[in-house]
Amino acid sequence: SVDRWWGYEGSSGAFTMQQSSTAPTGFTKSVALTVTTTQSSLGATDQYIFNQSIEGYSIADLAWGTSNAQPVTLSFWVRSSVIGTYAVSLVSSQPSTCIGSYTINNANTWEYKTITFAGPTTGTWNTSNDIGVMIRFVLGAGANFVGTVGNWNIAQYLLAPSNATNLMATSGATLYITGVQLEKGNIATSFDVRPYGTELQLCQRYYYKNLT
């Protein structure tokens with residue numbers, strides 16, 4: 001969709017992703033996820049996610065998979081037309097997974113959320129130019145992906161708690177997200193606004209154009 005974020009759809013539902021000018025104070029853009037085809041009853045293997053892959057170099061200092069594993073804090077702004085409990089998980093490519101949850105208290109209202117994840121002391125984590133960890137915002141998850149909040153699950157993809165809202169059940173439902181930041185430690189700091197030139201150089205690291 002935008003800024004190297006991508007989506008994944010389950011068996012029969014669908015949602016769109018697009019840049020939006022709907023944003024909280026301090027931001028000018030967000031990503032808007034809109035349900036276009038509903039799936040009210042999720043199959044066991046269904047998953048609907050909005051994902052960002054973070055390079056292993058960027059998590060090397062966290063010492064994940066060792067006794068010195070450091071915690072991280074995820075912060076973001078979110079707005080939805082459907083209130084309830086939602087999930088966002090950290091996932092490795094091995095896999096290892098930790099489920100985080102947050103609550104949308106008011107419909108169509110921007111809310112600021114922070115979630116702290118303990119550092120995993122086991123598991124294998126890439127610390128080179130492969131995928132180190134993925135951030136997965138969950139719109140709906142079937143029974144095979146349901147687990148306990150806050151526990152690292154080694155060698156299993158678990159994305160959401162059993163009481164998570166199935167956004168895919170509501171036609172036209174929206175979920176807006178912006179200002180996503182993952183940082184080392186137990187405290188969320190203010191969003192790191194980088195100079196445009198710096199941001200452009202960082203983006204060019206992942207840009208490729210085939211001239212043939």
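Numbering starts at 1 and runs along the sequence shown. Note that these values count all heavy atoms, side chains included, but never hydrogens, waters or copies made by symmetry.
Distance OG/S30 to CD/Q19: 8.5 Å, rounded to 0.5 Å. Of the inter-residue distances, the one linking S92 atom OG with M134 atom CE reads 6.5 Å to the nearest 0.5 angstrom. Going from atom SG of C98 over to atom CG of L158 covers 10.0 Å, rounded to the nearest 0.5 Å.
Inter-residue side-chain proximity for M17 and V2 is flagged as unmet; no heavy-atom pair is nearer than 4.5 Å. Residues T170 and T38 fail the side-chain proximity criterion, which asks for heavy atoms closer than 4.5 Å. Annotation: side chain of I104 is in contact with side chain of V78 (closest heavy-atom distance under 4.5 Å). Taking the side chain as every heavy atom from C-beta outward, S96 and N153 never approach each other to under 4.5 Å. T114 has its side chain out of reach of L74: every pair of non-hydrogen atoms, C-beta onward, lies at least 4.5 Å apart. At least one side-chain heavy atom of V91 sits under 4.5 Å from a side-chain heavy atom of L159. No side-chain heavy atom of T165 sits less than 4.5 Å from a side-chain heavy atom of L139. Taking 4.5 Å as the limit, every side-chain heavy atom of N151 sits out of range of all side-chain heavy atoms of I99.
With hydrogens and angles ignored, the 3.5 Å screen pairs no side-chain donor or acceptor of Q18 with any backbone N or O of T16. Under the 3.5 Å distance criterion, the side-chain polar atoms of T36 are matched with a main-chain donor or acceptor of A14. Put simply, the side chain of K113 gets close to the backbone of T103: a donor and an acceptor are under 3.5 Å apart. Side-chain atoms of Q52 come within 3.5 Å of backbone atoms of D3 as a donor-acceptor pair (strictly under, hydrogens ignored). Checked by atom type and distance alone, the side chain of T109 pairs as donor or acceptor with a backbone atom of A107 at under 3.5 Å. No side-chain donor-acceptor contact under 3.5 Å links T122 to the backbone of G65. T121 places no side-chain N or O within 3.5 Å of a backbone atom of S67 that could act as its donor or acceptor partner. Listed for the T73 side chain is no donor-acceptor partner under 3.5 Å among the backbone atoms of I115. For the pair S80 (side chain) and T174 (backbone), a donor-acceptor distance under 3.5 Å is present. The backbone N or O of M168 sits less than 3.5 Å from a side-chain atom of N166, completing a donor-acceptor pair.
Every pair passing ring pair (Phe, Tyr, Trp, His ring centres under 6.0 Å) that includes a residue from residues 104-123 is listed here, sequence neighbours excluded: W77-Y112. The ring pair (Phe, Tyr, Trp, His ring centres under 6.0 Å) analysis of residues 155-175, with sequence neighbours excluded, yields no pairs.
Looking at every heavy atom in both residues, Y48 comes nearest to S12 through OH-N, 3.5 Å. Across all their heavy atoms, G172 and T34 have their closest contact at O-CG2, 4.1 Å. Here the shortest heavy-atom pairing between V149 and P161 reads CG2-CB, 3.8 Å. Of all non-hydrogen atoms in T45 and F145, the two that sit nearest each other are O-CE1, 3.4 Å. Nearest heavy-atom pair, S89 versus A160, reported as atom, atom and distance to 0.1 Å: OG-N, 4.5 Å. Taking every heavy atom of both residues into account, W64 and A69 meet most closely at CD1-CB, 4.0 Å.
For the residue pair S11/D46, the side-chain donor-acceptor check at 3.5 Å is satisfied. In the model, S101 has no side-chain atom that pairs as donor or acceptor with a side-chain atom of T85 under 3.5 Å. When only modelled atom types and interatomic distance are considered, E111 and Y102 share no side-chain donor-acceptor pair under 3.5 Å.
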Side chain to side chain contact (heavy atoms under 4.5 Å, CB included) between V72 and T116: does it pass, once the steps are laid out?
CA-CA 6 Å; V72 292; T116 296; over 6 Å; no

List the steps, then state whether side chain to side chain contact (heavy atoms under 4.5 Å, CB included) holds for D192 with R194.
CA-CA 6 Å; D192 183 17; R194 292 186 286 239; 3.9 Å; yes

Does the side chain to side chain contact (heavy atoms under 4.5 Å, CB included) test come out yes or no for N126 and Q94, once each step is laid out?
CA-CA 9 Å; N126 291 321; Q94 297 336 98; 3.6 Å; yes

Begin from the C-alpha positions of E55 and R205 and carry the test side chain to side chain contact (heavy atoms under 4.5 Å, CB included) through to its verdict.
CA-CA 11 Å; E55 192 174 7; R205 174 174 173 76; 2.5 Å; yes

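Cluster annotation: I131 and I59 are assigned to distinct hydrophobic clusters (Ile/Leu/Val/Met/Phe/Trp/Tyr, side-chain heavy-atom contacts under 4.5 Å, transitive). One hydrophobic cluster, built from ILVMFWY side chains closer than 4.5 Å, holds both V31 and I54. No single ILVMFWY cluster, assembled from side-chain heavy atoms under 4.5 Å apart, contains both V138 and I177. The cluster map of Ile, Leu, Val, Met, Phe, Trp and Tyr, joined by side-chain heavy atoms under 4.5 Å apart, puts L167 and V88 in the same cluster. Cluster annotation: V35 and I83 are assigned to the same hydrophobic cluster (Ile/Leu/Val/Met/Phe/Trp/Tyr, side-chain heavy-atom contacts under 4.5 Å, transitive).
In this structure, R136 fails the cation-pi test against F50, since its NZ or CZ atom is not both closer than 6.0 Å to the six-membered ring centre and inside 45 degrees of the ring normal.
The number of heavy atoms from other shown groups lying within 6.0 Å of CG (L200) is above 12. Heavy-atom neighbours of Y196 OH from other residues, nucleotides or ligands within 6.0 Å: at or below the threshold of 12.
Applying ring pair (Phe, Tyr, Trp, His ring centres under 6.0 Å) to F137 and the options F15, F76, Y86 leaves one that passes, F76.
In this structure T189 satisfies the side chain to side chain donor-acceptor pair (under 3.5 Å) test together with E183, sequence neighbours excluded.
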